[in-house]
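The structure displayed is predicted, hence computed values, not measured ones. Each ligand, and each atom within it, is numbered from 1 in the order the structure gives.
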Amino acid sequence: MTGLVGVFDSGIGGLSILQALRAELPQSRFIYIADSGHAPYGERTDAHVMVRSRAIMAELLRHQVQALVIACNTATAVAIEQLRADYPELPIIGVEPALKPALALSRTRRIGVMATRSTLASAKFKTLLASLADQAEFVVQACDGLADAIERSASSNDTSDIQALCAQYTKAMGSFGTHIGQIDTLVLGCTHYPFATEELREMLGPQVQLVSNGPAVARQTRLKLAQRVFPADVQSAPLIPSMRLLLLSSGDPQVLQCAAQRWLPRMPAEALFLANPLNESAQ
Ligand code: DGL
């Protein structure tokens with residue numbers, strides 16, 4: 001499957017989705033925008049996230065993307081419906097906390113959900129939660145500051161803030177384990193959180209299952225792309241004629257570069273890291 005796919009997140013978190021996309025669609029090309037200059041989304045207003053999502057969408061369309069993956073739970077919750085209405089012709093795939101996959105895995109029927117404040121407050125998440133509430137008990141936890149701590153650790157390699165925040169939030173959620181009454185499955189409902197897997201595993205032990213949505217989003221993207229026929233002249237967008245991966249940041253491109261080198265397996269040598277022009281201020 002070929003095609004040029006645009007992917008964005010408030011920062012480096014969406015690289016956890018990009019990993020899965022590149023594994024599922026090895027022939028496709030990707031443009032990734034980390035909106036680090038305007039992050040975190042999860043602790044800002046819906047209006048801010050909507051303005052940023054629209055600006056990024058416009059930038060990605062300038063590159064003639066043929067599909068968009070919103071690799072951010074918060075932006076999906078706030079903006080996907082509006083973006084789909086604005087661009088009905090474009091396949092737009094979003095990401096939501098993996099509550100359904102967690103249900104299939106949990107034996108204790110007590111499931112933890114870590115996400116941003118904004119995702120948890122969204123109507124989209126509340127509807128999803130209500131639709132499954134009779135099947136398990138979900139313990140939800142807003143994790144202020146965690147995405148930001150993961151963002152900072154990408155270049156500093158200092159994980160002490162990640163450890164402290166994970167300890168604080170998992171403690172607040174109660175007891176983890178495989179006995180009745182314990183949380184045996186934890187949903188990582190923000191695309192940054194898979195990059196705290198090591199710290200969480202160390203705290204919770206190997207029996208607690210950590211669940212995120214990258215592979216499911218990648219499969220969904222492949223299905224959507226398969227339904228499209230791309231004209232030959234759109235196969236190579238002019239801004240990246242031969243490049244398989246273009247990574248743009250509205251913040252410090254070095255942070256994105258460090259994160260990609262660390263967390264993107266098989267990073268092509270020709271990947272480009274650029275600070276992009278999307279830096280007009282947003283409220
Ligand atoms: N990675 C984003 C998400 O999945 C949000 C992180 C943030 O900017 O707060 O929700």
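Side-chain contact, Q254 with S155: no donor N or O sits under 3.5 Å from an acceptor N or O. Looking only at atom types and distance, the side chain of S16 has no donor-acceptor partner in the side chain of T191 under 3.5 Å away.
Residue V95 does not touch ligand 1, judged by heavy-atom distances below 4.0 Å. Contact annotation: for T191 versus ligand 1, heavy atoms closer than 4.0 Å belong to both the backbone and the side chain.
Classification of E43 and R117 as a salt-bridged pair fails, no side-chain N sitting under 4.0 Å from a carboxylate O. Look at D161 and R152 and you find a salt bridge, because one of the NZ, NE, NH1 or NH2 atoms lies within 4.0 Å of a carboxylate O, short of that distance. Taking a cutoff of 4.0 Å between a charged side-chain nitrogen and a carboxylate oxygen, D35 and R52 qualify as a salt bridge.
Distances below 4.0 Å separate heavy atoms of N73 from the following atoms of ligand 1: 3 (C), 4 (O), 10 (O). Using a 4.0 Å cut-off to heavy atoms of Y41, the atoms of ligand 1 that qualify are 7 (C), 8 (O), 9 (O). Taking a cut-off of under 4.0 Å to the non-hydrogen atoms of T74, the atoms of ligand 1 that pass are 3 (C), 5 (C), 10 (O). Contact atoms of ligand 1 toward P40: 7 (C), 8 (O), 9 (O) (distance under 4.0 Å to a heavy atom of the residue). In the vicinity of D9, heavy-atom distances shorter than 4.0 Å reach the ligand 1 atoms 1 (N), 2 (C).
The neighbour count for R107 CZ, taken as heavy atoms of other residues, nucleotides or ligands under 6.0 Å away, does not exceed 12.
Put simply, part of A147 is less than 4.0 Å from ligand 1, judged by heavy atoms. C72 counts as a contact of ligand 1, since one of its heavy atoms falls under 4.0 Å from the ligand.
Among all non-hydrogen protein atoms, the one lying nearest atom 6 (C) of ligand 1 is S10 OG, 3.4 Å. In this structure, the protein non-hydrogen atom closest to atom 9 (O) of ligand 1 is G42 N, 2.8 Å.
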| request: Check step by step if side-chain hydrogen bond (donor to acceptor under 3.5 Å, both in side chains) holds for T119 and S122. | output: CA-CA 5 Å; T119 295; S122 69; 5.9 Å; no
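The side chain to side chain contact (heavy atoms under 4.5 Å, CB included) test with T221 singles out one residue from L68, V7, V69, and that residue is V69.
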